Amino acid sequence: QVQLVESGGGLVQPGDSLRLSCAASADAFSTYTMAWFRQAPGNEREFVAAIRYSGSNSYYRDSVKGRFAISRANAEKTVYLQMDSLKPEDTAVYYCAAKKWGILSVIRSQSGYDYWGQGTQVTVSS
């Protein structure tokens with residue numbers, strides 16, 4: 001069983017930055033593909049970003065490309081989401097997800113992940 005704990009959310013103004021962290025309890029963390037999803041009130045949970053277990057490839061939804069960056073620190077068993085130039089439409093609960101090895105064809109789908117964190121709230125408002 002893998003436990004994921006997100007942190008770093010908060011209330012910020014448009015244009016500000018935040019860095020989310022997700023600490024994993026997994027043994028062999030470096031064998032897990034990690035991802036961030038988000039869910040705004042009344043909306044479906046949606047893919048934000050993912051990074052392969054190797055760390056060599058990352059993937060983003062179009063609306064965050066160039067503003068968000070996913071990274072991982074395997075020694076610390078942590079994955080990060082650096083969010084810059086935040087917009088009100090980025091407001092959501094952000095969830096961390098993990099899948100051992102990961103399957104490229106479903107890397108953007110909730111079904112591609114076995115483990116989920118409890119979420120951290122990000123609110124972008126003036």
Side-chain angles (χ1 to χ4, degrees):
Q1 188 72 12
V2 175
Q3 293 186 329
L4 304 172
V5 179
E6 302 96 334
S7 61
L11 172 62
V12 297
Q13 295 187 338
D16 284 353
S17 297
L18 273 178
R19 189 176 79 156
L20 305 183
S21 300
C22 171
S25 66
D27 291 334
F29 175 75
S30 61
T31 64
Y32 284 80
T33 287
M34 303 297 295
W36 290 94
F37 287 74
R38 68 186 182 188
Q39 186 168 19
N43 289 0
E44 296 289 322
R45 190 173 297 189
E46 62 184 21
F47 170 79
V48 176
I51 186 165
R52 296 297 303 276
Y53 60 89
S54 64
S56 59
N57 296 95
S58 55
Y59 307 83
Y60 299 92
R61 70 178 299 106
D62 287 346
S63 62
V64 307
K65 284 180 181 177
R67 299 189 298 121
F68 290 12
I70 189 171
S71 61
R72 63 190 300 154
N74 288 340
E76 287 76 39
K77 297 185 179 181
T78 301
V79 64
Y80 301 100
L81 185 67
Q82 177 67 40
M83 304 187 295
D84 298 325
S85 302
L86 282 161
K87 303 176 181 181
E89 51 263 44
D90 295 318
T91 295
V93 177
Y94 283 71
Y95 297 91
C96 178
K99 171 71 174 181
K100 191 166 179 65
W101 301 120
I103 301 173
L104 187 56
S105 61
V106 290
I107 201 168
R108 298 172 185 267
S109 301
Q110 293 183 63
S111 61
Y113 299 88
D114 295 324
Y115 305 102
W116 294 84
Q118 81 290 348
T120 186
Q121 176 70 47
V122 172
T123 303
V124 184
S125 175
S126 56

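Fair warning: this is a prediction, and the values are worked out from it, not measured in the lab.
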Kindly give the heavy-atom pair with the smallest separation between [X] and [Y], and that separation in Å.
X	Y	answer
Phe29	Ala73	CE2-O, 4.2 Å
Leu81	Ala49	CD1-CB, 4.1 Å
Thr78	Ser21	CG2-CB, 4.3 Å
Thr120	Gly8	OG1-N, 4.3 Å
Pro14	Ser126	CD-N, 3.7 Å

Tell me the salt bridge (charged side-chain N to carboxylate O under 4.0 Å, His left out) pairs involving residues 30-44, sequence neighbours left out?
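Listed by first then second residue: Arg38-Glu46, Arg38-Asp90.
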Pairwise distance [atom1]([X]) to [atom2]([Y]) - rounded to 0.5 angstrom:
X	Y	atom1	atom2	answer
Ser63	Glu89	OG	CD	8.0 Å
Asp27	Lys77	CG	NZ	5.0 Å
Arg19	Ser71	CZ	OG	7.0 Å
Thr91	Gln121	OG1	CD	7.5 Å
Ser56	Ile51	OG	CD1	8.0 Å
Trp101	Ser54	CH2	OG	10.0 Å

Step by step, work out the side-chain contact (heavy atoms from CB on, under 4.5 Å) result for Ile107 and Tyr113.
CA-CA 8 Å; Ile107 201 168; Tyr113 299 88; 3.3 Å; yes
Quick test of your reading: applying disulfide (SG to SG under 2.5 Å), list the pairs with at least one residue in residues 72-126, sequence neighbours left out, ordered by first then second residue.
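Sorted result for residues 72-126: Cys22-Cys96.
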Linking I/L/V/M/F/W/Y whenever their side-chain heavy atoms sit closer than 4.5 Å, directly or via other members, would [X] and [Y] fall into one cluster?
X	Y	result
Met83	Val12	yes
Val122	Tyr60	yes
Tyr115	Tyr80	no

Return yes if a side-chain donor-acceptor contact under 3.5 Å exists between Lys100 and Thr31, otherwise no.
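Checked: Lys100/Thr31 side chains pair up, N/O donor to acceptor below 3.5 Å.
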Checking Gln1 against Asp114 for the side-chain contact (heavy atoms from CB on, under 4.5 Å) test, could you report, in this order, the C-alpha distance in whole Å, the side-chain angles of both residues, the deciding distance, and whether it holds?
CA-CA 10 Å; Gln1 188 72 12; Asp114 295 324; over 6 Å; no
Side-chain contact, heavy-atom cut-off 4.5 Å: [X] with [Y]?
X	Y	result
Val48	Tyr95	no
Leu20	Phe68	no
Val79	Ile70	yes

Once you measure the plane-to-plane angle for Phe37 and Phe47, does it fall in the parallel (<30°), tilted (30-60°) or perpendicular (>60°) bin?
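The rings of Phe37 and Phe47 stand perpendicular, inter-plane angle above 60°.
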What do you reckon, is CG of Asn43 surrounded by more than 12 foreign heavy atoms closer than 6.0 Å?
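Result for CG/Asn43: enclosed.
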Determine whether the aromatic ring centres of Tyr53 and Tyr32 lie less than 6.0 Å apart.
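No, the ring centres sit 6.0 Å or more apart.
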Sidechain-backbone polar pair: [X] side chain, [Y] backbone, donor-acceptor under 3.5 Å:
X	Y	result
Arg72	Arg52	yes
Glu6	Gly119	yes
Ser30	Asn74	no

